[in-house]
A.B. asks: 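Sending over a structure as structure tokens; questions will come in a sec.
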2 protein chains.
Amino acid sequence: MMVDETLHGLVERRLREVSQRYTSGRKAVVEVLANAGHPLSIEDIGELAPRLPRSSAYRHLVDLQQCGVVRRVAANDDYYRFELAEDITEHHHHLMCTLCGKVIDVTPTPAFERAMANYLDDLSTSNGFASIDHRLDVLGACATCRQRKLAATAGCAG
Amino acid sequence: MMVDETLHGLVERRLREVSQRYTSGRKAVVEVLANAGHPLSIEDIGELAPRLPRSSAYRHLVDLQQCGVVRRVAANDDYYRFELAEDITEHHHHLMCTLCGKVIDVTPTPAFERAMANYLDDLSTSNGFASIDHRLDVLGACATCRQRKLAATAGCAG
DNA sequence: ATTGAACTGAGACTCAGTCTCAATGTAAGA
DNA sequence: TCTTACATTGAGACTGAGTCTCAGTTCAAT
Ligand SMILES: [Mn+2]
Ligand SMILES: [Mn+2]
Ligand SMILES: [Zn+2]
Ligand SMILES: [Zn+2]
């Protein structure tokens, strides 16, 4: 809860454009995603909005994706994650822990983004490809999992 | 067919390390992936190796992933793709057509890769994250789909 | 040749995600 | 307010990519 009112206004407008309503279930999904600050699995959503049936959650996610409010994120395991679309939050990338599956949002500097976008445009053009967007994920070990690994090693040695 | 003999030697060694054999079914999967030059869906593999049962193809893909010969690629649709691991081919990225699903391999310049890797290391470190690898995908429209779109527009206008 | 372990195809199975349907909510006009 | 057309909902059936089981086969090593 406690989300900037302009978010709900924006989402409502996007839904209205396709003759859909901003109902409490949809609002619950949006709030959960907005408050999490990182992409959520369907499991996460179920825990954060326990009253919301799973079939409804999935349906809302589909509807919200279709009107550009939600984006599906392919992580490094077998489950998709969901987050608010970049034009609602901001363009960003992901750190993905290959050990526990956690996904962290990161925002590179505008300078880096600009350089990369330019480079990718060239790369695309020279392949007859029209670049629209890009995804950049860093794979590795999160702070928590690094701790765990160190502790385990120490335990064995000591 | 017609694949550098060192590839098969390498794969065989990796399998042997975990007491597994480089059988004809596994070889068929490796050759199909090596000759394609871009990530293949299970459907593609089925078409390129029609004698290979689907359950075996999936099993071989799992085995080959476990010994580091194959990598699974999340595209922008609902189906995974499979390709040879980067230490067998080379580190590279993907152009993904959001219209037809095609995935194209691209290799950025070493200079760009170095700059990006450095930057991502910093970004990771400042989030307590240990960077190991990265994925960079460009989303857009492939040459074929661009043609199709232009043709359709012209048709409507004329 | 014997033997143990890896491999195989067929098909049953799992389960994330989708669809159906009957019931309910809701905005807009009479 | 009443009507009405349509969007929404929960429950649960369904789909299908991917996994597992099992009985039979192949391999490599002795
Ligand atoms: Mn970016
Ligand atoms: Mn790279
Ligand atoms: Zn972790
Ligand atoms: Zn295309």
A.B. asks: Would you tell me if any nitrogen or oxygen in the side chain of Arg54(A) comes within less than 4.0 Å of OP1 or OP2 on dG17(C)?
C.D. replies: no
A.B. asks: Could you state the CD-C1' distance from Gln20(A) to dA27(C), rounded to the nearest angstrom?
C.D. replies: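 The answer, rounded to whole Å, is 15 Å.
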A.B. asks: Counting side-chain heavy atoms from C-beta on, which of dT9(D), dA17(D), dA10(C) comes nearest to Tyr79(B)?
C.D. replies: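 The nucleotide sitting nearest to the side chain is dA17(D).
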A.B. asks: Examine the base of dA6(C) for any acceptor or donor lying under 3.5 Å from a partner atom in the side chain of Ser19(B), and report the outcome as yes or no.
C.D. replies: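 No, no donor-acceptor pair under 3.5 Å.
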A.B. asks: Send over the distance from Phe82(A) CZ to dA16(C) C1', rounded to a whole Å.
C.D. replies: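 Those two atoms, CZ and C1', are 10 Å apart.
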A.B. asks: Do any side-chain nitrogens or oxygens of Arg26(A) fall under 4.0 Å of OP1 or OP2 in dT8(D)?
C.D. replies: yes
A.B. asks: In whole Å, I'd like the distance from the CD atom of Gln65(B) to the P atom of dT19(D).
C.D. replies: 8 Å
A.B. asks: Given atom CG of Asp77(B) and atom P of dA17(D), what is their separation to the nearest angstrom?
C.D. replies: 12 Å
A.B. asks: Between Ser56(B) and Val18(B), who's closer to the 5' end of DNA chain C by nearest nucleotide?
C.D. replies: Val18(B)
A.B. asks: Can you figure out which of dG17(C), dA11(D), dT8(D) approaches the side chain of Arg21(A) most closely?
C.D. replies: dT8(D)
A.B. asks: For dT9(D), does OP1 or OP2 lie under 4.0 Å from any side-chain N or O of Thr23(A)?
C.D. replies: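 Yes, within the criterion.
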A.B. asks: On DNA chain D, nearest-nucleotide positions of Arg16(B) versus Arg72(B): which is more 5'?
C.D. replies: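 The residue whose closest nucleotide sits nearer the 5' end is Arg72(B).
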A.B. asks: Taking Phe129(A)'s backbone N and O only, do any of them form a donor-acceptor pair with Asn127(A)'s side chain (distance below 3.5 Å, no angle check)?
C.D. replies: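 Pair absent, no side-chain N/O of Asn127(A) close to backbone of Phe129(A).
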A.B. asks: Do the side chain of Arg51(B) and the base of dG9(C) come within less than 3.5 angstrom through a donor-acceptor pair of N or O atoms?
C.D. replies: no
A.B. asks: Mind calculating the distance between OH (Tyr22(B)) and C1' (dC27(D)) to the nearest angstrom?
C.D. replies: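 After rounding, the gap between these two atoms is 17 Å.
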A.B. asks: Carefully, step by step, assess Asp87(A) and Arg71(A) under the rule salt bridge (Lys or Arg N to Asp or Glu O under 4.0 Å).
C.D. replies: CA-CA 10 Å; Asp87(A) 62 346; Arg71(A) 182 170 69 148; over 6 Å; no
A.B. asks: Working note: Arg16(B) + Glu12(B), criterion salt bridge (Lys or Arg N to Asp or Glu O under 4.0 Å); need CA distance, chi angles, decisive distance, verdict.
C.D. replies: CA-CA 6 Å; Arg16(B) 285 263 165 85; Glu12(B) 177 153 30; 2.9 Å; yes
A.B. asks: Under 4.0 Å between a side-chain N/O of His60(A) and OP1 or OP2 of dT8(D), yes or no?
C.D. replies: no
A.B. asks: I want to check one thing: is the phosphate of dT18(C), taken as OP1 and OP2, less than 4.0 Å away from some side-chain N or O of Tyr58(A)?
C.D. replies: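 Indeed not, no polar side-chain atom of Tyr58(A) lies that close.
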A.B. asks: Can the positive tip of Arg72(B) be found less than 6.0 Å from the middle of the six-membered ring of Tyr80(B), inside 45° of the ring normal?
C.D. replies: yes
A.B. asks: Judged by each residue's nearest nucleotide on DNA chain C, which is more toward the 5′ side, Asp63(B) or Tyr80(A)?
C.D. replies: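 Result of the comparison: Asp63(B).
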A.B. asks: Would His94(B) and Asp105(B) count as having a side-chain donor-acceptor pair, cut-off 3.5 Å?
C.D. replies: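 Per modelled atom types, His94(B) and Asp105(B) side chains form a pair under 3.5 Å.
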A.B. asks: Taking only the side-chain heavy atoms of Ile42(B) (C-beta and beyond), determine which of dT19(D), dA7(D), dG18(D) contains the nearest atom.
C.D. replies: dG18(D)
A.B. asks: How long is the line joining CG of Asp78(A) and C1' of dG16(D), in whole Å?
C.D. replies: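 Taking CG of Asp78(A) and C1' of dG16(D), I get 15 Å after rounding.
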A.B. asks: dG18(D) P sits how many Å from Gln66(B) CD, rounded?
C.D. replies: 16 Å
A.B. asks: Using whole Å, report how far CG of Asp44(B) lies from P of dA17(D).
C.D. replies: 13 Å
